[in-house]
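Written below as structure tokens is the structure these notes are about.
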Amino acid sequence: MGNLLKTLKNGLKEIDIEITESQLENFQLFYRMIKEENKRKNITSIEDEKEFAIKHFIDSITCLKAVSFKDGMTLIDIGTGAGFPGIPLKICRPGIEVILVESQAKKVGFLLKVIRDMNLINISAIHTRAEEIGKMPRYREYCDLVTARAVAEFRVLAEYCLPVVKIGGFFLAMKGPKLAEELIGIDKTITILGGKINKIVNFNLPITGDERNIVVVEKIKPTPEKYPRRPGIPVKKPISGE
């Protein structure tokens with residue numbers, strides 16, 4: 001398991017993020033659980049330790065470079081899959097509340113097992129669609145931070161995520177090298193949903209040099225009640241400023 005931890009430590013040092021030995025042990029345990037689960041169900045296609053450390057763990061942790069994560073904040077991770085970026089962020093910032101949202105029941109079952117076996121507190125996993133979480137009174141305009149990684153194109157993501165961000169909070173859209181084409185006309189969409197682009201953090205992942213972008217969208221006014229629309233509609237007809 002040395003390759004995983006060595007890559008993780010060196011990569012985080014490169015981007016000036018420090019974690020403790022106990023946090024490293026948690027990352028090692030999380031990786032072991034995913035690898036074991038992959039023997040039964042396809043949780044992630046990446047198993048190589050070095051690649052996993054870079055493309056799942058370090059990529060998730062880069063959110064810490066985009067905004068301030070303070071104790072007591074609430075984060076919803078929409079379309080979390082096997083727990084990215086929500087669980088790595090929870091490991092690094094144990095004082096935040098994390099809510100993992102995932103539509104696949106098998107992955108939610110795995111996430112609940114991870115939470116239990118790793119003794120993580122103040123973290124939950126919800127089995128629901130991305131379009132539905134923003135309609136739940138419990139979560140609407142509730143969170144300080146919302147993350148989404150490799151879920152959908154930007155206009156669709158904005159409709160999923162901005163309804164659950166509280167005014168003054170932030171939506172972090174984690175994107176790769178094709179961001180520019182997704183940003184065309186996006187300002188109108190974000191304005192309709194009650195947000196504005198605060199900044200875009202551009203960087204390259206350590207070791208591989210892969211391009212990454214985090215679009216930080218600030219919530220400045222309430223999202224109209226009609227959003228998010230019912231499941232399937234945001235993908236079929238993304239908001240384009242109509």
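Counting begins at 1 with the first residue of the sequence.
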May I have the step-by-step check of side chain to side chain contact (heavy atoms under 4.5 Å, CB included) for Leu145 and Leu89, ending in yes or no?
CA-CA 12 Å; Leu145 303 168; Leu89 290 171; over 6 Å; no

Determine whether Tyr227 and Ile239 satisfy the following criterion, side chain to side chain contact (heavy atoms under 4.5 Å, CB included), listing intermediate values before the conclusion.
CA-CA 10 Å; Tyr227 301 111; Ile239 301 168; 3.4 Å; yes

Should Lys106 and Glu37 be marked as a side chain to side chain contact (heavy atoms under 4.5 Å, CB included) after you check the CA-CA gap, both sets of side-chain angles, and the distance that decides it?
CA-CA 10 Å; Lys106 69 174 183 178; Glu37 187 72 9; over 6 Å; no

With side chain to side chain contact (heavy atoms under 4.5 Å, CB included) as the test, would you mind laying out the steps for Cys92 and Phe27 before giving the verdict?
CA-CA 10 Å; Cys92 291; Phe27 279 111; 3.9 Å; yes

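Rounding to the nearest 0.5 Å places NE2 of His56 at 6.0 Å from CZ of Arg149. To the nearest 0.5 Å, the span separating CZ on Arg138 from CE on Met136 amounts to 11.0 Å. Taken from CG in Leu183 to OG1 in Thr189, the straight-line distance is 11.0 Å, to the nearest 0.5 Å. Atom-to-atom distance recorded for Leu120:CG and Asn26:CG is 6.5 Å, nearest 0.5 angstrom. Between Phe154 atom CZ and Ile197 atom CD1 the span is 5.0 Å, to the nearest 0.5 Å. Atom NZ of Lys6 and atom CD of Glu49 lie 12.0 Å apart (nearest 0.5 Å).
Annotation: side chain of Arg129 is not in contact with side chain of Tyr160 (no heavy-atom distance under 4.5 Å). Contact annotation: the side chain of Leu12 approaches that of Ile58 to within less than 4.5 Å [non-hydrogen atoms, C-beta and beyond]. At a threshold of 4.5 Å between non-hydrogen side-chain atoms, the residues Arg116 and Lys113 count as touching. In this structure, Asp210 and Lys55 have side chains that are in contact, with non-hydrogen atoms separated by less than 4.5 Å. Side-chain contact between Met174 and Thr62 is present, with heavy atoms from C-beta onward closer than 4.5 Å.
Here the rule is side chain to side chain contact (heavy atoms under 4.5 Å, CB included) with Ile99, and of Val146, Leu75, Ile76, Val164 only Ile76 fits it. The only option from Glu18, Glu14, Glu21 that meets the salt bridge (charged side-chain N to carboxylate O under 4.0 Å, His left out) definition with Lys9 turns out to be Glu21.
Sparse packing is recorded around CZ of Arg230, with 12 or fewer heavy atoms of other residues, nucleotides or ligands lying under 6.0 Å away. Within 6.0 Å of NZ on Lys13 lie no more than 12 heavy atoms contributed by other residues, nucleotides or ligands. Heavy atoms from other residues, nucleotides or ligands lying under 6.0 Å from NZ of Lys70 number 12 at most.
When atom types are taken as modelled, the side chain of Arg212 and the backbone of Gly176 share no donor-acceptor pair closer than 3.5 angstrom. Checked by atom type and distance alone, the side chain of Thr223 pairs as donor or acceptor with a backbone atom of Leu193 at under 3.5 Å. Checking side-chain atoms of Asp77 against main-chain N and O of Leu100 turns up no donor-acceptor pair under 3.5 Å. With hydrogens and angles ignored, the 3.5 Å screen pairs no side-chain donor or acceptor of Lys219 with any backbone N or O of Gly194. The main-chain N or O of Val217 is never found under 3.5 Å from a side-chain atom of Asn198 such that the two would form a donor-acceptor pair. Between the Lys199 side chain and the Ala66 main chain, a donor and an acceptor come within less than 3.5 Å of each other. The backbone N or O of Ile15 sits less than 3.5 Å from a side-chain atom of Lys65, completing a donor-acceptor pair. Of the possible polar contacts, none joining the Glu131 side chain to the Arg229 backbone as a donor-acceptor pair under 3.5 Å is found. Under the 3.5 Å distance criterion, the side-chain polar atoms of Lys90 are left unmatched by any main-chain donor or acceptor of Val98.
The two atoms that bring Ala152 and Lys175 nearest to each other are O-NZ, 2.6 Å, heavy atoms only. Ile186 and Arg155 make their closest contact through CD1-CG, 3.4 Å (heavy atoms, listed as atom of the first residue, atom of the second, distance).
Ring pair Phe30/Phe84: centre-to-centre distance below 6.0 Å.
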